[in-house]
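Keep in mind that this is a model prediction, so the values were computed, not measured.
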Amino acid sequence: MPASDDVPTTNFSPRPERRYPVGAECLGAGVSFRVWALAQDSVSILLADGRMHAMLAEPGGYFRIDLDGIGPGTLYRLRLGSEAEPVADPASRYQPEGPDGYSAVVDPQRFAWTDDGWRGLKAQGQVLYEMHIGTFTQEGTYAAATERLGILKDIGITCIEVMPLNEFYGAFGWGYDGVLPYAPTRLYGTPDELRSFIDTAHRLELGVILDVVYNHLGAGGRFKAFSPDYFTERYWNEWGCSVNFDGENSAGVRAFFAKNAAYWIDEYHFDGLRLDATQALNDASDEHIMALVAREARAAARSRSIYLVAENEPQDTRLVRPHGQSGYGLDALWNDDFHHSAMVALTGRSEAYYHDHRGRAQEFVSSAKYGYLFQGQRYDWQDAPRGQPGLDLAPETFVHFLQNHDQIANSGSGCRMDRLASPARVRAITALLLLGPQTPLLFQGQEFGASSPFFYFADQAGGLAETVREGRIEFLKQFPSLSDDAFARWMPAPADRATFERSKLDWSQYKTNTHIVALHRDLIALRRQSYVLAQGTCGRVDGSVLEPSAFLLRHFSRDPKDERLMVVNLGPDIAVDSIADPLHAPPEGMQWALVWSSENLVYGGGGIRPVDLQGRWTLGADTVLWFAPVVAERRAMPDRERLVAWQSQISNGCRLDIAGAGERSAPVSAPDDR
């Protein structure tokens with residue numbers, strides 16, 4: 001192969017300052033290349049035209065070369081020492097031919113952003129929407145997803161949470177086994193098409209955050225050639241080798257990942273990150289890697305506000321504590337506890353990791369008040385304590401959901417919740433999610449009742465495909481109902497393209513399932529219009545258990561007219577004489593008026609029962625009612641004769657009103673919820 005003199009070729013004088021420690025950057029009239037390769041004595045750049053240039057060694061295991069006369073679109077690989085086979089840049093910005101092909105130089109400054117007025121996201125007031133680009137549309141591209149953004153805006157979504165986008169092996173996958181963390185996968189489009197997706201979202205006043213995986217690297221062996229210090233054996237990791245954030249020679253590793261977080265915020269204008277499985281980010285450093293990621297990401301945002309969310313199975317609340325309280329400075333945590341309680345309430349089944357949840361009223365009251373249900377007490381499924389204290393955390397600290405990529409796929413059948421429960425109960429649980437004080441998250445298609453399943457899919461070949469399939473079967477055996485041989489034979493193979501194709505949304509259902517769309521649109525609008533829920537202005541939230549399956553939640557406010565009452569029944573009809581609970585009492589000089597019911601015919605419900613809380617009434621089965629206070633007088637006590645007659649009927653066990661027993665006024669009229 002022809003090559004130039006094997007010496008550094010650098011015409012930049014003095015050498016321009018780079019923005020990131022690794023990767024290819026367009027600087028001046030050329031491109032600067034830099035890589036961390038502590039295990040190598042020499043590294044060379046091999047351009048697609050056959051020219052090869054030796055990189056100059058720098059302190060700390062870095063190699064750099066600045067080449068003039070080349071620019072965006074230049075294809076290159078790295079040759080490590082005397083190795084014959086060149087490899088992709090670990091910090092490649094784009095791989096047009098896949099993970100093993102040439103890396104491409106990308107100039108982020110070439111994209112014409114139009115979002116100068118966009119100020120970013122705050123933790124308060126968000127309605128999240130999880131999206132997998134490859135299955136969100138039939139085309140599975142950034143461009144096709146961009147065309148659907150207006151629909152999400154119309155429904156009331158405020159922020160899209162995109163599943164991992166970095167380059168991975170195969171033609172389809174979830175993205176959690178990404179092999180090149182800086183390169184958005186070629187499967188969904190070009191880097192500028194991703195930028196256009198985000199720019200359009202901002203124009204519609206939608207935020208976009210990115211799911212990032214820093215707990216392991218797919219095909220991590222390719223990184224070991226640069227330095228085995230990328231990984232450590234000191235910590236166990238269920239997905240592969242643990243990343244070395246605190247051991248010998250970890251400085252280059254920490255910089256690689258922390259600057260990756262900054263890169264997505266800076267060069268793609270993402271509004272934040274969702275950090276996957278943070279329990280596997282082991283770090284005993286003075287500054288934990290999550291705190292460093294948060295610091296770098298916020299610095300990259302400059303004047304914009306960003307939103308940082310974590311998934312953390314052990315439910316460690318330190319992640320959202322301020323740095324001054326030995327915390328990591330993130331904004332929110334996914335809350336599996338709410339999901340597990342909801343799924344048990346929907347299905348009646350408490351297998352495997354649902355074991356400690358009963359789906360009862362008390363759990364939903366506690367979750368609304370405190371977020372995590374397990375904050376340090378014993379957790380039977382793990383035979384150990386689970387969680388850390390978080391009683392003081394604001395509601396928006398917790399992200400609540402009924403569906404996400406993991407939980408739908410873990411059903412075994414890939415079925416969504418509305419295939420596992422009655423429509424009435426699904427409506428009620430949906431109302432609880434969207435009118436609860438925590439930050440709600442929807443999974444793609446949930447807003448229109450998508451019938452498409454969402455399976456685990458990963459394009460693998462040969463023995464690896466069978467290993468992945470067997471591993472998936474073994475994981476799901478924790479559910480007794482999925483432990484038999486019949487399920488093992490039935491389960492769609494992750495490597496089968498049909499498994500991926502079946503997981504794609506059918507957007508024609510958006511037009512046919514108008515009742516489900518209306519449910520979600522109206523609930524999000526009600527959330528936005530209710531002062532106690534909008535913009536994170538929620539004050540104190542309290543609640544009480546009425547029955548094992550029924551409860552109420554009271555949203556308090558400094559202004560009594562802004563208070564709201566939600567009454568939830570996840571069981572059969574309940575005849576209500578009175579509720580011996582001060583939370584049910586209306587503000588002084590007011591009475592509760594019904595604003596919204598999950599049984600509205602518009603949503604496919606059975607109809608709205610008349611409700612007068614100053615008389616006897618019936619709380620319908622699988623129903624959520626939302627009340628607002630209106631100025632109204634209290635009902636007068638009956639005169640003595642009628643009161644005696646009324647009480648006599650009660651004493652004789654009569655459940656029904658008797659004619660003329662007490663003056664009855666018309667129920668108070670419902671206000672427009674402002």
Side-chain angles (χ1 to χ4, degrees), residues 19-20 22-27 31-33 47-49 70-77 88-115 118 131-150 160-175 177-204 206 208-213 218 260-271 273 300 459 500 504:
R19 299 172 65 247
Y20 288 92
V22 289
E25 293 184 7
C26 294
L27 295 178
V31 177
S32 173
F33 301 88
L47 301 180
D49 62 9
I70 60 174
T74 298
L75 299 177
Y76 70 98
R77 285 175 171 166
D89 184 350
S92 167
R93 279 15 181 204
Y94 186 48
Q95 294 290 121
E97 300 171 354
D100 292 329
Y102 279 96
S103 302
V105 175
V106 174
D107 184 1
Q109 305 301 321
R110 285 194 167 190
F111 184 80
W113 291 96
T114 65
D115 65 351
W118 177 252
M131 175 190 297
H132 177 265
I133 294 290
T135 56
F136 180 64
T137 63
Q138 290 297 311
E139 299 88 345
T141 63
Y142 302 126
T146 301
E147 295 177 1
R148 302 283 180 182
L149 291 177
I160 298 163
E161 181 180 301
V162 184
M163 287 172 64
L165 298 177
N166 51 301
E167 190 60 76
F168 58 89
Y169 279 107
F172 54 84
W174 278 13
D177 277 328
V179 298
L180 295 170
Y182 284 78
T185 177
R186 85 283 181 201
L187 296 173
Y188 304 149
T190 66
D192 277 357
E193 286 172 331
L194 172 56
R195 291 185 174 94
S196 181
F197 171 82
I198 297 169
D199 195 46
T200 301
H202 289 170
R203 190 160 58 250
L204 293 170
L206 289 169
V208 188
I209 66 174
L210 177 63
D211 196 338
V212 293
V213 183
N260 178 261
Y263 158 78
W264 291 115
I265 304 297
D266 172 25
E267 295 195 357
Y268 285 89
H269 292 202
F270 276 102
D271 298 295
L273 305 169
D459 185 17
F500 165 62
K504 291 188 175 185

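The distance from the OG1 atom of Thr135 to the CZ atom of Phe500 is 6.5 Å, given to the nearest 0.5 Å. Taking CZ of Arg93 as the start and CG of Asp107 as the end, the distance is 11.5 Å to the nearest 0.5 Å. Rounding to the nearest 0.5 angstrom, the gap separating the OG atom in Ser32 from the CZ atom in Arg19 is 12.0 Å. The CG atom of Asp459 sits 8.5 Å away from the CZ atom of Phe168 when rounded to the nearest 0.5 Å. Taking CD1 from Ile265 and CG from Asp271, the interatomic distance works out to 7.5 Å, rounded to the nearest 0.5 Å.
In this structure, the side chains of Ile70 and Val105 stay at 4.5 Å or more apart for every pair of heavy atoms. Side chains of Tyr268 and Pro191 form a contact here, defined as non-hydrogen atoms less than 4.5 Å apart.
Checked options Tyr94, Phe33, Tyr102; the residue passing with Tyr76 is Phe33 (criterion: ring-ring contact (aromatic ring centres under 6.0 Å, His included)).
Evaluation of the side-chain hydrogen bond (donor to acceptor under 3.5 Å, both in side chains) rule for Gln95 yields Ser92, Ser103 as partners, not counting sequence neighbours.
Relative orientation of the Tyr182 and Tyr263 rings is tilted, given thresholds of 30° and 60° on the angle between their planes. Between His132 and Tyr188, the two ring planes are perpendicular [angle over 60°; tilted spans 30° to 60°].
The salt bridge (charged side-chain N to carboxylate O under 4.0 Å, His left out) pairs that include a residue from residues 183-204 are Glu167-Arg186, Asp192-Arg195, Asp199-Arg203, where partners are two or more places apart or lie in different chains.
Between Leu149 and Ile160 the shortest heavy-atom distance is CD2-CD1, 3.3 Å. Contact between Val31 and Gly71 at its shortest, heavy atoms only, is CG2-CA, 3.9 Å.
Tyr20 and Asn260 form no side-chain donor-acceptor contact under 3.5 Å, judged by distance and modelled atom types alone.
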